[in-house]
Amino acid sequence: MAAAAPATLPVQPAEQPRLLKLKEMFISKFGSVPKFYVRAPGRVNLIGEHIDYCGYAVLPMAIEQDILIAVEPVKTQVVHLANTNPSYQDFSTSANNIEINKTKPLWHNYFLCGLKGIQEHFGLNNPTGMNCLLDGTIPPSSGLSSSSALVCCAGLVTLRANGKTLSKVELAEICTKSERYIGTEGGGMDQSISFLAEEGTAKLIEFTPLRATDVRLPSGAAFVIANSCVEMNKAATSHYNIRVAECRLATKLLSKSKGLDWKKMLKLQDVQVRLGVSLEEMLTIVEEVFHPEPYSTEEICKCLGISLEELRTQILSQNTRDVSTFKLYQRAKHVYSEAARVLEFKKICNEAPANAIQLLGELMNQSYISCKELYECSCPELDRLVDICLQFGAVGSRLTGAGWGGCTVSMVPTDKLNNFLKNVEAAYYQPNIQKVALENNSLFATKPGRGALVYVEA
């Protein structure tokens, strides 16, 4: 299935209130009718945080919340973007001259990433213009991948409008690369699940080459997403890219200490593959090679035998060049242990022992502790929310997405679900009326949804 192109489905807007509303808004906005619609889902990562950009497999599922875009290709080479949410301003640009402003991660820049990725892949000299109206149900900056869903949706919109075809895997790879135009050095999980997801199953997503394997989740538990209501925008802050840089530096120092060609080694997984050892053995090597104290840029330069200038220009990215200390031991330890937890999670799902739910919950809890203590990507609100979720019956709870805000995902036995939702609502959301007002869909159980697709009116 993975080699296939995204599905195109016939649809009757009259039977789908959201599509009908989007069509009516499109007509009143542009004075014409959309030719097709594209949807791309958000995702929740069940386990495997901050390891995709290190080369390791992750275990997400698509959620029902999505980005939906109504599209009309036009004769002029102008792209008009509008949003059903009035707080997002309209934007127009020439389809021929796409400029993405890295300093301001505004909503339309994510659309332009997907657009530019497809244009460059095909070398389109005369890309078609289009009118687009976007409707999103993924809470922004919540760790549920609203920005990547928008990049993916825009990529599929551009593909269809220009009469081209690609497989889901090719689309995921192009959209992963093109999101970097906005400055986020992501690893590809979000774009991959947005295209490769299938209803009813989570996916183990592996990279180089990109592939997705079904992971059947146990039937006696629900996965509940709870939004901390602390917004975290990966492209607007440097936390995320600093972690990417720390993992890259850890890769270089581990390689050097083991006599490998460190200049060619880019990801922590490269070191494991080259040494031909297990993840457990890599954790032992991390203990031997690194000291727990932060590394200064001077010490890193000395270890690698390079100048500060070489470090800044050849290894660090633009927005991490002024960072003066890096925690290499903690980051590497998190990545190798988290990569092992992902494989263990999949194994338990496959073997389905009687105590599977308990075992999976324990892995989620270990993942959270590692994210909080070793990777330091939690925040006080997420910590409080995880505590509340565990207190009211979750067998496992952890932050999901980049962290520093956004959402938690909790595994809750189905028979405890209704009480769990009531109690978490009362404990976390009701004391702060602002939070309830901010996000009506802050707390919800979710099932694995389907990947990106095109709708055409029947």
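For clarity, every value in this text was computed on a predicted model and none was experimentally measured. Note: hydrogens, waters and symmetry copies are ignored here, and every other heavy atom, side chains too, is used. One-based numbering along the sequence shown.
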Nearest-0.5 Å distance, OG of residue S337 to CZ of residue R341: 4.0 Å

Are the side chains of M61 and K203 in contact, using a 4.5 Å heavy-atom criterion? no

Does the S146 side chain pair with the main chain of S142, one donor and one acceptor, at a distance under 3.5 Å? no

Any donor-acceptor N/O pair, T176 side chain to Q191 backbone, under 3.5 Å: no

A side-chain contact here means heavy atoms from C-beta on lying under 4.5 Å apart; do I357 and N355 qualify? no

Can you list the steps and then say if V151 with F111 is a side chain to side chain contact (heavy atoms under 4.5 Å, CB included)? CA-CA 5 Å; V151 174; F111 186 99; over 6 Å; no

Check: R211 side chain, P209 main-chain N or O, donor-acceptor pair, under 3.5 Å: yes

Answer yes or no on whether K164 is positioned over the face of F122, meaning its NZ or CZ is under 6.0 Å from the six-membered ring centre and within 45° of the axis. yes

Do R248 and I315 come close enough that some side-chain heavy atom pair is under 4.5 Å? yes

Thinking salt bridges, do E287 and K333 make one under a 4.0 Å N-O criterion? yes

With a 6.0 Å cut-off (strictly less than), is the heavy-atom count around NZ of K256, excluding the residue itself, greater than 12? yes

Using 30° and 60° as the class boundaries, would you call the ring planes of H50 and Y53 parallel, tilted or perpendicular? perpendicular

Check step by step if side chain to side chain contact (heavy atoms under 4.5 Å, CB included) holds for I225 and T408. CA-CA 6 Å; I225 294 171; T408 61; over 6 Å; no

Could you give me the CA-CA distance, side-chain angles and deciding distance for S367 and E338, then say whether side chain to side chain contact (heavy atoms under 4.5 Å, CB included) is met? CA-CA 6 Å; S367 167; E338 185 78 346; 2.8 Å; yes

Would you check if E373 and Q330 make a side-chain contact, meaning some heavy-atom pair closer than 4.5 Å? no

Close side-chain approach of I306 and W262, heavy atoms under 4.5 Å: yes

Just wondering, do H121 and L166 contact through their side chains at under 4.5 Å, heavy atoms? yes

Has D190 got a side-chain atom pairing as donor or acceptor with I193's backbone, closer than 3.5 angstrom? no

Under a 3.5 Å distance rule, please check whether S194 uses its side chain to pair with a backbone N or O of P41 as donor and acceptor. yes

Evaluate the ring planes of H334 and Y375, with Trp represented by its six-membered ring, and classify them as parallel (under 30°), tilted (30 to 60°) or perpendicular (over 60°). tilted

Looking at Y336 and L268, would you say the former's side chain and the latter's main chain have a donor-acceptor pair under 3.5 Å? yes

Between Y56 and D52, is a side chain to side chain contact (heavy atoms under 4.5 Å, CB included) present by the stated rule, with each step listed? CA-CA 5 Å; Y56 285 108; D52 58 343; over 6 Å; no

Could you walk me through whether N227 and Y428 pass side-chain hydrogen bond (donor to acceptor under 3.5 Å, both in side chains), step by step? CA-CA 10 Å; N227 191 345; Y428 188 77; over 6 Å; no

Q119 versus N162: any side-chain heavy-atom pair under 4.5 Å? no

Is there side-chain contact between S410 and F420, with at least one heavy-atom pair below 4.5 Å? yes

Ignoring hydrogens and angles, tell me if any N or O in the side chain of R312 forms a donor-acceptor pair with the backbone of R321 under 3.5 Å. yes

Between R243 and E376, is the closest basic N to carboxylate O distance under 4.0 Å? no

May I ask you to decide if L254's main-chain N or O and S257's side chain share a donor-acceptor pair within less than 3.5 Å? yes

Would you confirm whether Y295, through its side chain, and H291, through its main-chain N or O, come within 3.5 Å as a donor-acceptor pair? yes

With the threshold set at 4.0 Å, does a side-chain nitrogen-carboxylate oxygen contact exist between E64 and K447? no

So, does S397 use its side chain to make a donor-acceptor pair with the main chain of A394 at under 3.5 Å? no

